[in-house]
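Read through the structure below, which is laid out as structure tokens, and then see the notes.
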2 protein chains.
Amino acid sequence: MVADVDRRPRAAQAEVTRRQILATAERLFAEEGLYAVSNRQISAAAGQGNNAAVGYHFGTKADLVRAIARRHTEAIEELRVACVSAVRGSREVRDWVDCLVRPVTSHLSSLDGPTWFARFAAQVMTDPAFRPVLAEESLASPSLREVLDQLSSCLPEVPPDVRADRADMVRHLILHVCAERERALAEGEVTPRAGWDGAATGLVDAIVGLWTAPHAGERSRPRPPGL
Amino acid sequence: MVADVDRRPRAAQAEVTRRQILATAERLFAEEGLYAVSNRQISAAAGQGNNAAVGYHFGTKADLVRAIARRHTEAIEELRVACVSAVRGSREVRDWVDCLVRPVTSHLSSLDGPTWFARFAAQVMTDPAFRPVLAEESLASPSLREVLDQLSSCLPEVPPDVRADRADMVRHLILHVCAERERALAEGEVTPRAGWDGAATGLVDAIVGLWTAPHAGERSRPRPPGL
DNA sequence: GGCTAAGTCAAGCAACTGATTTAACATCGG
DNA sequence: CCGATGTTAAATCAGTTGCTTGACTTAGCC
């Protein structure tokens with residue numbers, strides 16, 4: 001169980017197998033659904049004759065999901081840290097919204113070929129059983145906290161509960177728009193935007209508008225009486 | 001199980017059973033997850049000694065999901081039609097955004113006790129296998145098309161692809177914000193807004209801001225070079 | 001009253017699930 | 001060189017899945 005001796009051929013082969021299982025599981029989860037794919041199918045599709053390879057290298061299905069997620073969230077976290085340090089000191093809403101959106105889209109576009117992580121993450125965050133696996137550690141990111149704090153300080157006049165409400169909206173927006181775009185790409189549909197960078201621009205435009213929108217009370221117009 | 005079943009006519013008793021299965025399945029799906037619940041568990045939890053009751057009254061799991069969804073989407077559709085006819089002729093963005101949000105939140109608040117449909121729908125729309133079941137018929141609603149057309153005509157200067165992009169965002173926003181709020185309510189967490197009506201107001205505010213936000217190109221500020 | 005058909009119940013089916021166990025095998029430390 | 005170790009392979013386990021089957025109960029109609 002020593003960590004720093006994995007350069008040997010033996011440990012290297014195991015690492016190749018682990019990587020293969022991770023990649024295969026991520027693809028199958030995104031395409032077929034989290035629960036629709038069994039550990040056996042993953043092992044087989046990963047080229048492992050062993051039908052228990054997943055259980056051996058990872059543990060339960062939750063552990064596998066966590067391992068897949070961590071690999072991406074770590075990369076995204078690095079990009080976000082770089083993005084934050086690039087705009088630190090700014091008071092522009094758009095700069096900080098960029099720090100929320102660009103790390104995700106940039107990471108997805110950095111993966112060659114089709115991507116599956118956005119669809120995977122959307123499923124994990126929507127499933128009541130798997131949500132806690134990813135939610136805690138993902139929302140605890142210090143750089144993410146800083147971005148949200150900075151975004152809040154850009155709008156001191158907006159009540160805190162409204163800001164919290166909208167922060168949730170932004171989170172859902174980024175996740176599911178990326179997942180939907182990924183799915184559209186995979187199914188060969190036409191996408192509203194060309195490339196992940198264009199999608200990010202559309203997302204940032206919309207989020208800036210959402211974040212800076214006037215909040216309840218600033219509008220005096222009454223709602224229609226029907227509802 | 002129930003004492004007064006013997007007095008009911010035959011067909012009515014079957015309808016009671018169907019209703020019971022639908023309600024139980026909706027609750028279990030929302031709480032445990034779509035795939036985490038088997039037809040057997042649903043039958044048992046619905047008080048049916050028959051372990052194949054679900055298969056008998058409905059067909060496959062997809063058929064059950066469709067039946068659950070239809071019951072709610074029909075009610076929401078009615079509310080939306082009423083909402084649309086109330087604001088027809090208006091050129092205000094907020095009026096038409098109301099027609100997207102209020103029917104959903106109004107329907108959820110009309111159900112007494114805790115609700116499960118939003119979480120259920122979020123899972124269905126996120127799962128690659130079940131998404132087509134709900135997506136087609138839900139997006140084909142004529143009143144929904146009219147609202148989106150009216151919303152588009154409110155912003156003629158915005159390119160069509162940007163409008164399509166943002167329409168997708170609005171869809172995701174309404175669905176997953178309602179689902180998240182429902183989940184928070186079920187787990188006893190504090191919710192940013194009090195009541196579904198307040199949540200709808202926050203949602204409408206944000207969506208109006210999102211929809212009317214300036215789009216790419218209207219901002220001349222270059223993005224930070226880091227990404 | 002007796003018959004048909006619908007609804008319910010209970011048992012059992014093959015197939016599949018995660019998990020465990022055992023064997024084969026290459027690599028490593030000495 | 002050999003034994004220890006860790007990875008892969010393969011067989012097997014109990015439990016659960018959807019689905020089918022047949023018996024039982026009862027409403028509706030002749």
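Basis for what follows: all heavy atoms, side chains included, without hydrogens, waters or symmetry-related copies. Below, chain A is the first sequence line, B the second, and so on; all start at residue 1.
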Aromatic plane relationship, A/His172 with B/His176 - under 30° parallel, 30 to 60° tilted, over 60° perpendicular: parallel
task: Measure up the A/Phe130 and A/Tyr35 rings against each other and bin them: parallel (under 30°), tilted (30 to 60°), perpendicular (over 60°).
output: tilted
Between atom [atom1] in [X] and atom [atom2] in [N], what is the gap in whole Å?
{"X": "B/Gln20", "N": "C/dG7", "atom1": "CD", "atom2": "C1'", "result": "16 Å"}
{"X": "A/Leu64", "N": "C/dA19", "atom1": "CG", "atom2": "P", "result": "11 Å"}
{"X": "A/Tyr35", "N": "C/dG18", "atom1": "OH", "atom2": "C1'", "result": "14 Å"}
{"X": "A/Glu32", "N": "C/dT17", "atom1": "CD", "atom2": "P", "result": "12 Å"}
{"X": "A/Leu28", "N": "C/dT17", "atom1": "CG", "atom2": "P", "result": "12 Å"}

Please determine if a side-chain N or O atom of [X] lies less than 4.0 Å away from the OP1 or OP2 oxygen of [N].
{"X": "B/Tyr56", "N": "C/dT8", "answer": "no"}
{"X": "A/His57", "N": "D/dG6", "answer": "no"}
{"X": "B/Thr17", "N": "C/dG7", "answer": "no"}

message: Under the salt bridge (charged side-chain N to carboxylate O under 4.0 Å, His left out) definition, can you give me all pairs with a residue in residues 31-57 of chain B, not counting sequence neighbours?
response: B/Arg27-B/Glu31
Difference in axis direction between the ends of the helix from C/dG1-D/dC30 to C/dG30-D/dC1, five pairs, 10°: 10°
field: Polar side chain donor-acceptor pair, B/His72 to B/Glu26, under 3.5 angstrom
entry: yes
Less than 4.0 Å between a side-chain N and a carboxylate O, is that true for [Y] and [X]?
{"X": "B/Glu137", "Y": "B/Arg66", "result": "no"}
{"X": "A/Asp197", "Y": "A/Arg102", "result": "yes"}
{"X": "B/Glu180", "Y": "A/Arg131", "result": "yes"}

message: Would you say that A/Leu108 contacts A/Cys178 through its side chain, given a criterion of any heavy-atom pair below 4.5 Å between the two side chains?
response: yes
pair A/Asp63-A/Thr60: side-chain heavy atoms closer than 4.5 Å: yes
- prompt: Once each nucleotide of nucleotides 10-19 of chain D is scored for protein heavy atoms under 4.0 Å, what B/S/- sequence comes out, 5' to 3'?
  reply: BBB----BBB
